[in-house]
There are 2 protein chains.
Amino acid sequence: MEELLRKLDDMYCLPEPMRSEFAKIWQPMAYPKGHHLLRDGSVNNYLYFITKGVARIYYHKQDKEVTEWLALDQTFFFSIRSFFQRTPSHLAIHLLEPSELFALHHDQLMQLCDRYHEVEKMFRRMITGSLVLSQIRMESIQFETAQQRYQRLLAMNPDILQRVPLAYIASFLGITQETLSRVRGAR
Amino acid sequence: MEELLRKLDDMYCLPEPMRSEFAKIWQPMAYPKGHHLLRDGSVNNYLYFITKGVARIYYHKQDKEVTEWLALDQTFFFSIRSFFQRTPSHLAIHLLEPSELFALHHDQLMQLCDRYHEVEKMFRRMITGSLVLSQIRMESIQFETAQQRYQRLLAMNPDILQRVPLAYIASFLGITQETLSRVRGAR
DNA sequence: TGGGTGTTTTGACAAATGTCAAAAAGTAAA
DNA sequence: TTTACTTTTTGACATTTGTCAAAACACCCA
């Protein structure tokens, strides 16, 4: 819980009555490796924060699985489109390690946003951060080689190699596993 | 101004005192073709809405120019990172046609967000919309061929070919002009 | 220890896209 | 209409990445 609150403070320091009220609506949970937090076709009602473990967000493209995002410890994740638009998700989310998480229900978040301007502001900043990240990733995908994308990922997550199978990393980088293997060999 | 207000209502219908107060802080402007709204290296203080014309957002990658976004009529645009993080922009913005725009200054927007919860909410929804768009574009770039991306662009902007040089479109799609030319020829 | 299973690498070749140079087409002004 | 200029297309070839199949490696556990 401490890590979560610290992350939230980074975005916006809620004044005290709201801070603890906001803290209260996060539900702590723990699941084994392989557990699905979200199956494709259902609406993503929760915004997650992972304190320990790894989550993988993926979808089916024709017959293949495509990894859209890898969430390591101390990060937020969810199906952006499904959560905000309240539509069935084309994404699924499962855990690559036994994990500990906090989950925040969409409706409870929205209620608190309606009630407290401060919560709304904090949430707005959180989304703004996601938008900036999303832009950076887009530029990376569009204008860097597989090699460069791999280096960038390693720089941001030095221990990802030990924790996530290469097939998922390759898919996340937008290349095949074989290409990733060759890129790695070249250095 | 009507178009702008209609777009804003789509996101969130502001109640009346705030709606007109919000409308007041948008500054109308008109510039000739080629005018730079933002030069790289300076902070992007304005969020723009274009009512007539085309704006191109681009940056320098080594010796080349890369088109990051093309904003046709009735859309919002700005340098996301610079505007939110208040840092010098690596992006520049200029106009491909004589254009009419509305501009909203960062500080005025933030002041109104602080003052009115409703404005904050509307702005939050606006950013949420950008985030969803950004996600969709990311998937498109990562998992579609040049051919498919071209078709998608045309479907969303049928008149873009008449208004934007192919070199810019190619760059926006993340391919070279020659490849775009061949993709076009193949249908 | 030795299968058995899943993961990662390698090889041979195909497909997509990039690069550079030149030709063709289009546009605008004299 | 002619010229000068810009934009778009084409050609030849190089590079990157993908595909499919097989080999090498790593790990678990009986």
Side-chain angles (χ1 to χ4, degrees), chain A residues 32-35 54 56 58-68 70 94-98 137-154 157 159-187, chain B residues 32-34 54 56 58-68 70 94-98 138-154 157 159-187:
Chain A
K33 171 174 172 167
H35 177 81
V54 187
R56 171 179 169 250
Y58 67 97
Y59 66 91
H60 292 273
K61 173 92 180 174
Q62 274 119 244
D63 50 338
K64 301 207 182 87
E65 278 188 0
V66 175
T67 296
E68 164 127 347
L70 291 166
H94 73 164
L95 301 172
L96 301 184
E97 293 177 1
R137 177 149 182 243
M138 205 165 73
E139 281 179 20
S140 167
I141 290 174
Q142 190 161 15
F143 303 112
E144 290 179 348
T145 64
Q147 177 92 252
Q148 292 170 310
R149 270 174 279 156
Y150 176 68
Q151 310 284 14
R152 174 188 291 274
L153 181 67
L154 280 201
N157 292 91
D159 60 340
I160 202 169
L161 285 182
Q162 279 69 54
R163 301 173 67 186
V164 179
L166 290 184
Y168 296 157
I169 294 180
S171 174
F172 176 66
L173 292 173
I175 57 181
T176 61
Q177 171 158 357
E178 294 90 332
T179 298
L180 175 57
S181 176
R182 285 172 181 125
V183 156
R184 277 156 53 76
R187 168 99 335 269
Chain B
K33 171 174 174 170
V54 187
R56 169 178 172 251
Y58 67 97
Y59 65 92
H60 291 273
K61 172 95 181 173
Q62 276 119 244
D63 50 338
K64 302 205 181 88
E65 278 188 3
V66 174
T67 296
E68 163 127 346
L70 291 166
H94 73 163
L95 301 172
L96 301 184
E97 293 178 358
M138 205 164 71
E139 283 179 19
S140 167
I141 289 174
Q142 190 160 13
F143 304 112
E144 290 179 348
T145 63
Q147 176 91 251
Q148 291 170 311
R149 270 173 279 156
Y150 176 68
Q151 308 285 14
R152 174 187 292 274
L153 181 68
L154 280 202
N157 292 92
D159 61 339
I160 201 169
L161 285 182
Q162 279 69 55
R163 302 173 66 186
V164 179
L166 289 185
Y168 296 157
I169 294 179
S171 174
F172 175 66
L173 292 173
I175 57 181
T176 60
Q177 170 157 357
E178 294 90 333
T179 298
L180 176 57
S181 176
R182 284 171 182 125
V183 156
R184 278 156 51 78
R187 165 106 341 266

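Note on naming: letters A, B, ... go to the chains in the order of the sequence lines (proteins, then strands), and numbering restarts at 1 for each one.
For B:K64, the NZ atom sits in a loose shell: 12 or fewer heavy atoms of surrounding residues, nucleotides or ligands are nearer than 6.0 Å.
We find that CD of B:Q177 is positioned 12 Å from C1' of D:dT10, with the value rounded to whole Å. Atom CD of B:E178 and atom P of C:dA23 are 16 Å apart (whole Å). Between the C1' atom of C:dT7 and the CD atom of A:Q162 lies a distance of 15 Å, rounded to the nearest Å. Atom NZ of B:K61 is separated from atom C1' of C:dT19 by 17 Å (rounded to the nearest Å). Distance, B:I175 CD1 to C:dA16 P: 13 Å, rounded to whole Å. C:dT8 atom P lies 14 Å from atom CG of A:L173, rounded to whole Å. Counting to the nearest Å, the P atom of D:dT8 and the OH atom of B:Y168 are 10 Å from each other. One atom, CZ of A:R149, and another, C1' of D:dT16, lie 11 Å apart when rounded to the nearest Å.
Listed pair A:S181 / C:dT8 fails the phosphate criterion, with no side-chain N or O lying under 4.0 Å from OP1 or OP2. Here A:T179 reaches the OP1 or OP2 of D:dG18: one of its side-chain N or O atoms lies under 4.0 Å away. The phosphate of C:dT9 (OP1 or OP2) has a side-chain N or O of A:R184 nearer than 4.0 angstrom.
Atom CZ of A:R163 is separated from atom CD1 of A:I169 by 11.0 Å, given to the nearest 0.5 angstrom. To the nearest 0.5 Å, atoms CZ (A:R182) and OG1 (A:T176) are separated by 7.5 Å. Atom CG of B:L173 and atom OG1 of B:T145 lie 10.5 Å apart (nearest 0.5 Å).
Closest to the side chain of A:R182, out of C:dG18, D:dG18, C:dT8, is D:dG18. Between C:dA12, D:dT9, C:dT19, one nucleotide has an atom nearer to the side chain of B:L166 than all others, and that is D:dT9.
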